[in-house]
K.L.:
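Dropping a structure here in structure tokens format, bear with me for questions.
Proteins get letters first, then strands, A, B, ... in listed order; numbering begins at 1 in each.
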Amino acid sequence: MERNLTCILCPRGCTLNVTVDGDNVFVTGNSCPRGRYYGEEEVVSPKRTVTSIVRVSNREDVMVSVKTETPVAKSDIFTVMDKIRNASVTAPVKVGDVILTDVCGSNIIATKNID
Amino acid sequence: MENHDIVIIGGGPAGMAAAVAAFDSGIKDVVIIDREKEVGGILRQCIHNGFGLHKLGKELTGPEYAHHYQLEVEKRGITVCADTTVLSVTPDKVVTATNTCGILKLQAKAVILAMGCRERSRGALNIPGTRPSGVFSAGCAQKLINCEGYSVGKKVVILGSGDIGLIMARRMSLEGASVEAVCEIMPYSGGLTRNIVQCLEDYGIPLYLNTTVAEIHGNERLTGVTIAEVDERRQVKPETKRYISCDTLLLSVGLIPENELTRGAGIGIDPITGGAVVDENRMTDVSGIFACGNVLQVHDLVDYVSDEAEIAGKGAANYVKGLDRAENRVKAVAGNGVRYVLPQRVNTRGGDTDIFLRVTAPFGKVKFTVKSGDTVIATAVKLRATPGEMEKITLKAAKLRDVDGDIRVDLEEM
């Protein structure tokens, strides 16, 4: 199997050619080692970082931005979103605070300070 | 009247990076003025990831990138005057601002303009139809959703495929909305390829090129839009009109550098960039007033905003110290295939100088040639070049020394 992909890891957006031959995956067109890793993973089990917001229950109209600490399987994105949508948090919140643990294999962490 | 060495207008990524660079260049009396309650600027609503890979070597979300610089500003004890709106800047660097305490007047030795940009609105496009609610600029919808927690709509059409439009297509999908279409009047997307992949293809959202919104329907709330293909002259082809039912239309149709204060100070504006004309230190044609970030030229990457702001911050610090009175500047102008070049004036007796440019249309492999008269100063080969991605070419100090006329950048397809 052969696939042409655009690497999404950085704005350079290299065009990757990925060939799968049994258990072996060959990537060409990448400009950095991260691109090779992305190409390999994208054809086997694609992953994405999910970012969203969680309501701060003790502040009026204030949301804290959050992200998955590590990328999650692309097929789990909407499961992750459901969990995030139903969560709430109490201020103060600091960047890096864990909001939810182990959602589809990743913690959900805050990306903003709320005093 | 308060006296300060450097006053920075705007506390977004440009203002913060400029403040840090000015401080680290030895000028400790730096004040940042921002009209919002918190610094961070547009990054506060850009909750998606992909920031900082170039500049900080890690992948951050917008708020995290802002937080990084906010900590750097705090660590240096730089004064931030938040919730304060600047009303005017004079050529002799008096900054007048207002906040709940009244009117402030600050006399600066140098001013750095870092006010960012604003979105082009429906009014600028002359889209026919009614004026229902449900028509938002993409950045406005982004703020409502990401900062204030509102849901703006359930069935969405997006006009414009710049990065904000693409990011919002994904964001609306994640929030459970159905994004029916992204329409782009040009034959190519103005956004980064990676955003077409991860924001549209990942969610199965169609991108229609050479297509625009021809009419807006609905009385109270938007009920639908008519989309249509356009010809080479970007005129609607009536036979291609079709109706899409939707309750929300997001406009991602361009950003305009917010230069009202700049014009008020009598600073010269480049009609192409919409920002000030600057030299290699990002100083405008009014001595001691500098500009950086999206108020100078609309950037695609915040990392490059920070780089540009560091140049301006260092330039302003050197200006305050009485260094840099270069008088050997030549013009840098855009040639074939190049839309604009920045900085527009370059010191030929300085160090290595990076010039930034955008191309006029998408190209495959191209060669850029930087010349003064018949002398070649630099060349650069790129595998592809698109208007959505800013290009950088380094001019070596040794080559610049031989230059005594205008510099011109041309593109040649290979």
Side-chain angles (χ1 to χ4, degrees), chain A residues 3-16 29 31-32 34-35 38 42 46-57 59-71 73-75 77-82 84-85 88-89 93-96 109-115, chain B residues 37-38 40 43-54 57 59-68 70-71 143-151 163 167 170-171 173-176 191-199 201-203 299-304 382-384 386 388-390:
Chain A
R3 276 178 70 188
N4 286 315
L5 304 172
T6 300
C7 179
I8 61 168
L9 293 186
C10 91
R12 188 166 180 160
C14 294
T15 304
L16 307 179
S31 314
C32 76
R34 289 160 46 90
Y38 171 79
E42 187 68 10
K47 291 192 169 65
R48 298 287 183 269
T49 296
V50 179
T51 65
S52 189
I53 48 168
V54 167
R55 191 165 289 282
V56 180
S57 53
R59 298 280 184 277
E60 200 175 332
D61 290 339
V62 172
M63 314 300 293
V64 60
S65 52
V66 300
K67 68 173 182 183
T68 55
E69 193 170 15
T70 52
K74 205 171 138 183
S75 53
I77 290 176
F78 283 96
T79 314
V80 172
M81 280 302 297
D82 281 342
I84 291 176
R85 196 173 295 116
S88 71
V89 66
V93 184
K94 293 234 168 303
V95 173
I109 62 170
T111 60
K112 198 184 256 182
N113 280 356
I114 305 289
D115 296 327
Chain B
K37 287 192 169 58
E38 284 174 83
L43 288 173
R44 296 177 58 236
Q45 68 189 62
C46 298
I47 63 164
H48 54 280
N49 60 324
F51 300 88
L53 275 162
H54 286 274
E59 188 176 37
L60 301 174
T61 63
E64 289 171 312
Y65 192 94
H67 180 69
H68 171 90
Q70 197 177 348
L71 291 180
K143 186 175 185 182
L144 288 170
I145 295 172
N146 292 345
C147 298
E148 294 169 30
Y150 290 101
S151 160
D163 287 313
I167 293 287
R170 174 176 62 184
R171 185 74 189 110
S173 303
L174 287 173
E175 286 296 335
L192 299 171
T193 314
R194 69 192 288 250
N195 283 337
I196 295 181
V197 173
Q198 64 181 350
C199 298
E201 290 172 13
D202 271 9
Y203 297 89
H299 291 254
D300 19 278
L301 291 185
V302 73
D303 303 59
Y304 295 160
K382 306 278 174 175
L383 291 177
R384 63 190 171 92
T386 77
E389 297 180 22
M390 194 185 287

K.L.:
Counting heavy-atom pairs under 4.5 Å with chain B, which one of A/T15, A/L5, A/V95, A/D61 comes out on top?
P.N.:
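It is A/V95.
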K.L.:
When rounded to the nearest 0.5 angstrom, what is the spacing between CG in B/N195 and CG in B/D163?
P.N.:
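Nearest 0.5 Å value for the CG-CG distance: 4.5 Å.
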K.L.:
CG/A/L9 to OG1/A/T49 distance, rounded to the nearest 0.5 angstrom?
P.N.:
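Spacing of CG (A/L9) from OG1 (A/T49) equals 9.0 Å.
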K.L.:
Is B/H48 in contact with chain A via its backbone, its side chain, both, or neither, using a 4.5 Å heavy-atom distance?
P.N.:
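Both backbone and side chain.
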K.L.:
If you tally heavy-atom pairs under 4.5 Å against chain A, which of B/R384, B/R171, B/R44 wins?
P.N.:
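Of the options given, most contacts go to B/R171.
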K.L.:
Under a 4.5 Å cutoff for heavy-atom pairs, which residue among A/S52, A/G13, A/P46 has the most contacts with chain B?
P.N.:
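Among the listed options, the one with the most contacts to chain B is A/S52.
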K.L.:
Which class fits the ring pair B/Y65 and B/F51: parallel under 30°, tilted 30 to 60°, perpendicular over 60°?
P.N.:
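The arrangement is tilted - the two ring planes meet at 30° to 60°.
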K.L.:
Check whether B/Y304 gets within reach of chain A through its side chain, its backbone, both or neither, counting any heavy atom under 4.5 Å.
P.N.:
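Nothing of B/Y304, per the 4.5 Å heavy-atom cut-off to chain A.
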K.L.:
Select one option (side chain, backbone, both, neither) describing which atoms of A/R34 are under 4.5 Å from chain B's heavy atoms.
P.N.:
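Contact with chain B: side chain only.
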K.L.:
Checking B/L174 against chain A: side chain, backbone, both or neither under 4.5 Å from a heavy atom?
P.N.:
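Contact with chain A: backbone and side chain both.
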K.L.:
So which residue, B/L383, B/N146, B/L192, ends up with the most heavy-atom pairs under 4.5 Å with chain A?
P.N.:
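Between B/L383, B/N146, B/L192, the count favours B/N146.
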K.L.:
Using every non-hydrogen atom in the two residues, find where A/S88 and A/V54 come nearest and quote the distance to one decimal.
P.N.:
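Closest heavy-atom pair between A/S88 and A/V54: CA-CG1, 3.6 Å.
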K.L.:
Checking heavy atoms, do the side chain of B/I47, its backbone, both or neither come under 4.5 Å from chain A?
P.N.:
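Both backbone and side chain.
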K.L.:
Begin from the C-alpha positions of A/V80 and A/T68 and carry the test side-chain contact (heavy atoms from CB on, under 4.5 Å) through to its verdict.
P.N.:
CA-CA 9 Å; A/V80 172; A/T68 55; 3.9 Å; yes
K.L.:
For chain A, which candidate among B/E148, B/Q70, B/H67 shows the most heavy-atom pairs at distances under 4.5 Å?
P.N.:
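The answer is B/H67.
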K.L.:
Heavy-atom pairs under 4.5 Å with chain A are the metric here; pick the option from B/L301, B/D303, B/V197, B/D202 that has the most.
P.N.:
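Ranked by contacts with chain A, first place is B/D202.
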K.L.:
Please confirm whether the backbone N or O of A/K67 pairs with a side-chain atom of A/T111, one donor and one acceptor, at under 3.5 Å?
P.N.:
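Side chain of A/T111 to backbone of A/K67, a donor-acceptor pair under 3.5 Å: no, none is there.
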K.L.:
Could you state the interatomic distance from CD (B/E64) to OG1 (A/T51), rounded to the nearest 0.5 Å?
P.N.:
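It comes to 10.0 Å.
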K.L.:
What residue, out of A/K112, A/M81, A/R55, has the most heavy-atom pairs lying under 4.5 Å from chain B?
P.N.:
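When all of A/K112, A/M81, A/R55 are compared, A/M81 has the most.
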K.L.:
CD1/A/I8 to CD1/B/I196 distance, rounded to the nearest 0.5 angstrom?
P.N.:
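It is 13.0 Å, given to the nearest 0.5 Å.
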K.L.:
Under a 4.5 Å heavy-atom cutoff, which of B/E389, B/E175, B/H54 has the most pairs with chain A?
P.N.:
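Looking at each option in turn, the highest pair count goes to B/E175.
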K.L.:
Before accepting this row, confirm whether a basic side-chain N of the pair B/E201/B/R170 lies closer than 4.0 Å to the acidic partner's carboxylate O.
P.N.:
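Here B/E201 does not pair with B/R170 in a salt bridge, since their nearest N and O are not under 4.0 Å apart.
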K.L.:
By a 4.5 Å heavy-atom criterion (distance strictly below it), what part of A/I84 contacts chain B: side chain, backbone, both, or neither?
P.N.:
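Neither; nothing under 4.5 Å.
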